[in-house]
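On a predicted model such as this, the values are computed, not experimentally measured, just so you know. Throughout, a chain's letter reflects where its sequence line sits, starting with A, and its residues are numbered from 1.
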There are 2 protein chains.
Amino acid sequence: MSKTSPFAISLEKTCQDRGLRLTDQRKIIVRLLEETISDVAFHPDVDEIYNRAIKIDKRISVATVYRTVKLLEEQGIIEKHDFKAGKARYEVSTKNHHDHLIDINSGEIIEFIDDEIEDLKKKIAKKLGYELIDHRLELYCKKK
Amino acid sequence: MSKTSPFAISLEKTCQDRGLRLTDQRKIIVRLLEETISDVAFHPDVDEIYNRAIKIDKRISVATVYRTVKLLEEQGIIEKHDFKAGKARYEVSTKNHHDHLIDINSGEIIEFIDDEIEDLKKKIAKKLGYELIDHRLELYCKKK
DNA sequence: ATACTTGCAAAAGATTTGCCGCATG
DNA sequence: CATGCGGCAAATCTTTTGCAAGTAT
């Protein structure tokens with residue numbers, strides 16, 4: 001929160017600009033999600049967000065977290081990931097698309113960007129007669 | 001069933017070799033899954049398998065489909081996919097790893113293999129100090 | 001014979017939703 | 001003040017599981 005990343009134009013502001021009502025609970029959730037900008041390895045699931053949230057303000061329910069997270073995703077403000085674990089994980093959308101490497105032992109998530117692979121994705125879609133809209137690449141690895 | 005693909009060494013045989021008990025219901029499920037070999041666009045979910053199965057033999061339950069599909073996956077005989085739709089989809093494992101292009105309008109799934117991208121994956125993992133164990137690349141596209 | 005499988009229905013885990021009082025813009 | 005939002009609990013959806021009975025090897 002104090003550490004401002006170049007992307008952190010304040011999600012609260014972004015939400016306001018989109019005309020989303022800024023309730024106390026949304027402010028808290030949005031603030032927590034903001035941490036995923038500076039902490040690239042932090043991809044919380046609903047429960048993690050909820051548990052952190054109630055520590056700040058008890059007047060918040062899981063339902064609200066679910067609703068907020070869904071709303072923000074529809075707005076393209078955050079992204080939903082699945083990482084093979086049964087529950088969804090979220091992070092703030094950044095301008096530059098990145099992929100994920102998941103440490104299958106520790107569960108740690110590492111983000112990476114590789115232009116070469118991004119180009120290839122587009123090229124492959126094109127070759128098959130499609131336009132690339134969205135994509136995901138996940139590398140499940142173990143430490144050497 | 002009649003059309004034998006080069007990979008179809010008969011899954012039934014494979015199961016036997018692994019010491020899996022071949023019950024009537026397993027035979028049916030396995031036979032249905034075999035179709036994912038010849039029909040590369042066919043990635044059924046549990047319900048689809050179940051619905052086809054009961055047409056062949058009523059004495060089969062969804063629970064068994066879930067149990068069988070899980071068993072086969074643990075054996076590495078089939079693969080589980082998630083494709084952003086809430087439920088898991090399955091296909092028989094083939095020797096050569098391939099990726100998926102999902103038509104976001106029709107839901108159609110296209111498989112493709114690209115050696116260049118496979119190499120890149122390994123290279124990236126290595127660069128980050130990891131060994132690539134598993135990976136998934138999905139391109140969500142729309143027809144041009 | 002005996003350990004593994006199955007069906008059924010209940011349970012579990014994640015996510016969604018109806019209702020109604022309440023807060024935001 | 002009006003519309004949208006939140007809490008709560010019930011409802012959904014997918015997947016798992018306990019139990020008693022049946023079956024493959």
Side-chain angles (χ1 to χ4, degrees), chain A residues 11-33 43-75 77-90 107, chain B residues 11-33 43-51 53-75 77-90:
Chain A
L11 282 196
E12 239 174 72
K13 180 91 175 50
T14 310
C15 292
Q16 252 173 331
D17 294 349
R18 310 264 180 125
L20 304 181
R21 230 181 243 194
L22 269 184
T23 63
D24 290 343
Q25 19 284 84
R26 284 190 184 172
K27 281 183 199 159
I28 291 171
I29 294 170
V30 151
R31 200 161 300 157
L32 289 176
L33 284 168
H43 294 68
D45 57 41
V46 166
D47 229 58
E48 283 163 355
I49 299 171
Y50 171 66
N51 283 124
R52 292 185 184 217
I54 49 171
K55 278 182 199 152
I56 301 173
D57 189 336
K58 285 199 193 333
R59 307 165 315 138
I60 205 166
S61 71
V62 224
T64 296
V65 178
Y66 272 107
R67 281 194 270 234
T68 303
V69 125
K70 186 177 209 170
L71 176 76
L72 296 175
E73 198 211 342
E74 286 164 356
Q75 292 286 326
I77 296 175
I78 64 176
E79 273 167 38
K80 185 180 186 176
H81 297 296
D82 167 22
F83 307 146
K84 296 186 180 179
K87 47 189 169 181
R89 298 188 161 276
Y90 296 86
Chain B
L11 282 196
E12 238 175 74
K13 179 91 176 50
T14 309
C15 291
Q16 251 172 332
D17 292 349
R18 309 266 181 122
L20 304 182
R21 234 181 240 196
L22 269 183
T23 62
D24 289 342
Q25 19 284 83
R26 285 191 183 169
K27 281 182 198 161
I28 290 170
I29 295 169
V30 151
R31 202 160 299 157
L32 289 175
L33 285 168
H43 294 68
D45 58 40
V46 166
D47 228 58
E48 284 163 354
I49 299 170
Y50 171 66
N51 282 125
I54 49 172
K55 277 181 197 151
I56 301 174
D57 188 336
K58 287 201 191 331
R59 308 166 313 140
I60 203 166
S61 71
V62 223
T64 297
V65 178
Y66 272 108
R67 282 193 270 234
T68 304
V69 125
K70 186 176 208 173
L71 175 75
L72 295 175
E73 198 212 341
E74 286 164 356
Q75 292 285 326
I77 296 174
I78 64 175
E79 274 167 37
K80 186 181 187 175
H81 297 297
D82 165 19
F83 306 145
K84 295 187 179 180
K87 47 188 169 180
R89 299 189 161 275
Y90 297 86

Check whether any side-chain heavy atom of [X] lies under 4.5 Å from a side-chain heavy atom of [Y], and answer yes or no.
X       : Y       : answer
A:Ile29 : A:Ile60 : yes
B:Leu22 : B:Glu12 : yes
B:Thr14 : B:Val30 : no
A:Leu32 : A:Ile56 : yes

In whole angstrom, give the distance that lies between atom [atom1] of [X] and atom [atom2] of [N].
X       : N      : atom1 : atom2 : value
B:Ile29 : C:dT5  : CD1   : P     : 12 Å
A:Lys27 : C:dG25 : NZ    : C1'   : 12 Å
A:Leu71 : D:dC5  : CG    : P     : 7 Å
B:Ile54 : C:dG7  : CD1   : C1'   : 14 Å
A:Glu74 : D:dC5  : CD    : P     : 12 Å
B:Glu73 : D:dT16 : CD    : P     : 9 Å
B:Lys70 : D:dT14 : NZ    : P     : 17 Å
B:Ile60 : C:dG7  : CD1   : P     : 6 Å

In terms of heavy-atom contacts, B:Leu33 and B:Pro44 come closest through CD2-CG, 4.5 Å
Here the pair of heavy atoms bringing B:Cys15 nearest to B:Ile77 is SG-CD1, 4.2 Å
Residue pairs passing the side chain to side chain donor-acceptor pair (under 3.5 Å) test with at least one member in residues 19-28 of chain B, sequence neighbours excluded, are B:Asp24-B:Arg59
How would you list all residue pairs meeting side chain to side chain donor-acceptor pair (under 3.5 Å) that involve residues 62-72 of chain A, not counting sequence neighbours? A:Ser61-A:Thr64
State the [atom1]-[atom2] distance between [X] and [Y], to the nearest 0.5 angstrom.
X       : Y       : atom1 : atom2 : result
B:His81 : B:Tyr90 : NE2   : OH    : 10.5 Å
B:Lys80 : B:Lys87 : NZ    : NZ    : 14.0 Å
B:Leu20 : B:Gln75 : CG    : CD    : 5.0 Å

Can you tell me if A:Arg26 touches the phosphate of C:dT24, counting only side-chain N or O atoms and a distance under 4.0 Å to OP1 or OP2? no
Quick check on C:dT15: is either OP1 or OP2 less than 4.0 Å from any side-chain nitrogen or oxygen of A:Tyr66? yes
Hey, which of these two, B:Ala88 or A:Gly19, hits DNA chain D nearer its 5' end, going by closest nucleotide? A:Gly19
Between the protein and nucleotides 10-13 of chain D, list every N/O to N/O distance that falls short of 3.5 Å.
none

Of the listed C:dA14, D:dT14, D:dG6, the closest approach to the A:Thr64 side chain comes from D:dG6
Students should find that the end-to-end axis angle of the helix from C:dA1-D:dT25 to C:dG25-D:dC1, with five pairs defining each axis and rounding to 10 degrees, is 40°
For a quick check, with a 4.0 angstrom heavy-atom cut-off, what is the B/S/- contact string for nucleotides 18-25 of chain D, read 5' to 3'? B----BBS
Residue list, salt bridge (charged side-chain N to carboxylate O under 4.0 Å, His left out) with B:Glu48, at least two apart or on another chain: B:Arg89
